[in-house]
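Computed from a predicted structure; not experimentally measured. Excluded from the calculations below are hydrogen atoms, water molecules and symmetry mates; all remaining heavy atoms, backbone and side chain alike, are included. Read the numbers this way: they start at 1 and go in the same order the structure lists the ligands and their atoms.
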Amino acid sequence: MIANPNVDRTAPYADGRRETILSGSAFEIARREIRSWPGFAETALRSLPTLAAETGVGALYYKDEGSRFGLGSFKALGGAYAVLRLLQKIVGKATGETPGSADFMAGSHADLRAGVTVTCATDGNHGRSVAWGAQNFGCRCVIYVHETVSQGRVDAIARFGAEVRRVAGNYDDAVRRASADAAAHGWHVLSDTSYEGYVDVPRDVMQGYALMVDEALAAMPAPPSHVFVQGGVGGLAAAVCATLWERFGAARPICVVVEPDAADCLCRSAAAGHPVAVEGALDTIMAGLACGEVSLLAWDILSPGADAFMAIPDDAAAQAMRLLADTVPPVIAGESAVAGLAGLRALRDDAEARRLLGLGDDSVVLLFGTEGATDPDVYRAIVGRSAEALLA
Ligand SMILES: Cc1ncc(COP(=O)(O)O)c(C=O)c1O
């Protein structure tokens, strides 16, 4: 574990810049829109007393995103919201009006929307959300996947009417192809990560994620003392950290960010004090967390806001998936859903880390179970049973 040397717990959330990235007021708009979408339902917050005892904390809560909009992951909140926001801007510019989700779904400005194409590269969950958003809000969608993305994940995207294009090479090759094709055809790239000069879309994506945090806090008897949240590019962790920081200020829960040891760009960036990229295969079962570069907007929040960073091996994630599957009733958690639990378990016997984080038997820990069995074959191979068999 790396205690974040740059964390500043006394700084106010609103520093003139942070609230332009994520804020309670922008969240209110996102919340109103997302809650109006067809099939909206809050996801469950599970209390896990046996695992709390096993990890030496007082209480453990798991926000189970497996059922979100029937898409299998919390990502349903982000990419689809970015589609809506983009279409609102395009229609607003052309007509001076700002229709909401309900107006679009009732057919408002359908001709304008039909001329828009959105695109992104994905290893599964984000692309599924963008495709679903495009289908709901009536625009065209082309999604790029790299060669090792499973056919199951491709099919799950194509189900929402998107054209899925497979690209030779890795995720970064798919990103480059999406961006080159978008530039050539006048399409709109809806990426969940931000880089120099590209901030509006990832900000909207992250603002959508904040709904999950809001729901979790509302369902808890009292705010958590600690949050263990997984990191890919850091957008999810930043949405969690920002929401807690803005609401609770210096008294916010301790925030620990956990990522795969094969893709530990957040840990390395924390140690260096600035974004550091990880090269290479980024080979991990935690497909949604296999990211080599941090999102710049996320980093602006996590660098001063997160208390610690951790990296965990694949077998710790696999064990956490099996433990959750064995819970009564079972919790179906995909490979990228469990890094928080795996991180907490890794600290069980680490007295120094527990002291630094103030983690003990009176702690109340919140985890975000960000996906269900989004790749059923991989899930069965790791857990030994299918999600359907476990729930039967
Ligand atoms: C299931 C799941 N959990 C967590 C994450 C991590 O989110 P972020 O890349 O914003 O850190 C992802 C990203 O794709 C994901 O699919």
Counting non-hydrogen protein atoms only, what is the nearest one to [atom]? Give residue, atom name and distance.
atom                   : answer
atom 9 (O) of ligand 1 : Val233 N, 2.9 Å
atom 7 (O) of ligand 1 : Leu236 CB, 3.7 Å
atom 3 (N) of ligand 1 : Thr370 OG1, 2.7 Å

Using the rule that two of Ile, Leu, Val, Met, Phe, Trp, Tyr join whenever any of their side-chain heavy atoms come within less than 4.5 Å, decide whether [X] and [Y] are in one cluster.
X      : Y      : value
Val175 : Ile157 : no
Val256 : Met220 : no
Tyr209 : Val130 : yes
Val145 : Val118 : yes

For [Y], does its backbone N or O pair with a side-chain atom of [X] as donor and acceptor, under 3.5 Å?
X      : Y      : result
Ser194 : Ser295 : no
Lys63  : Leu366 : no
Asp204 : Val201 : no

Give a yes/no on ligand 1: does [X] have at least one heavy atom closer than 4.0 angstrom to it?
X      : result
Lys75  : yes
Ala337 : no
Asp192 : no
Gly231 : yes
Phe368 : no

Hey, what's the ring geometry for Phe69 with Trp132, parallel, tilted or perpendicular (30° and 60° as the breaks)?
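Phe69 and Trp132: tilted rings.
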What is the ring orientation for His146 with Tyr171, classed by angle as parallel under 30°, tilted 30 to 60°, or perpendicular over 60°?
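Taking Tyr171 first and then His146, their aromatic rings stand perpendicular (interplane angle over 60°).
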Looking only at distance, does [X] have an N or O less than 3.5 Å from an N or O of ligand 1?
X      : value
Gly288 : yes
Ala237 : no
Gly232 : yes

In ligand 1, which numbered atoms sit nearer than 4.0 Å to a non-hydrogen atom of [X]?
X      : value
Asn125 : 1 (C), 15 (C), 16 (O)
Leu289 : 4 (C), 5 (C), 6 (C)
Gly235 : 8 (P), 10 (O), 11 (O)
Ser336 : 1 (C), 2 (C), 3 (N)
Glu371 : 1 (C)
Gly234 : 8 (P), 11 (O)

Can you confirm whether the side chains of Glu293 and Thr193 place a donor and an acceptor under 3.5 Å from each other?
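Side chains of Glu293 and Thr193: no pair found under 3.5 Å.
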Test Arg385 against Asp326 for salt bridge (Lys or Arg N to Asp or Glu O under 4.0 Å), laying out the working first.
CA-CA 11 Å; Arg385 282 159 295 172; Asp326 287 341; 3.0 Å; yes
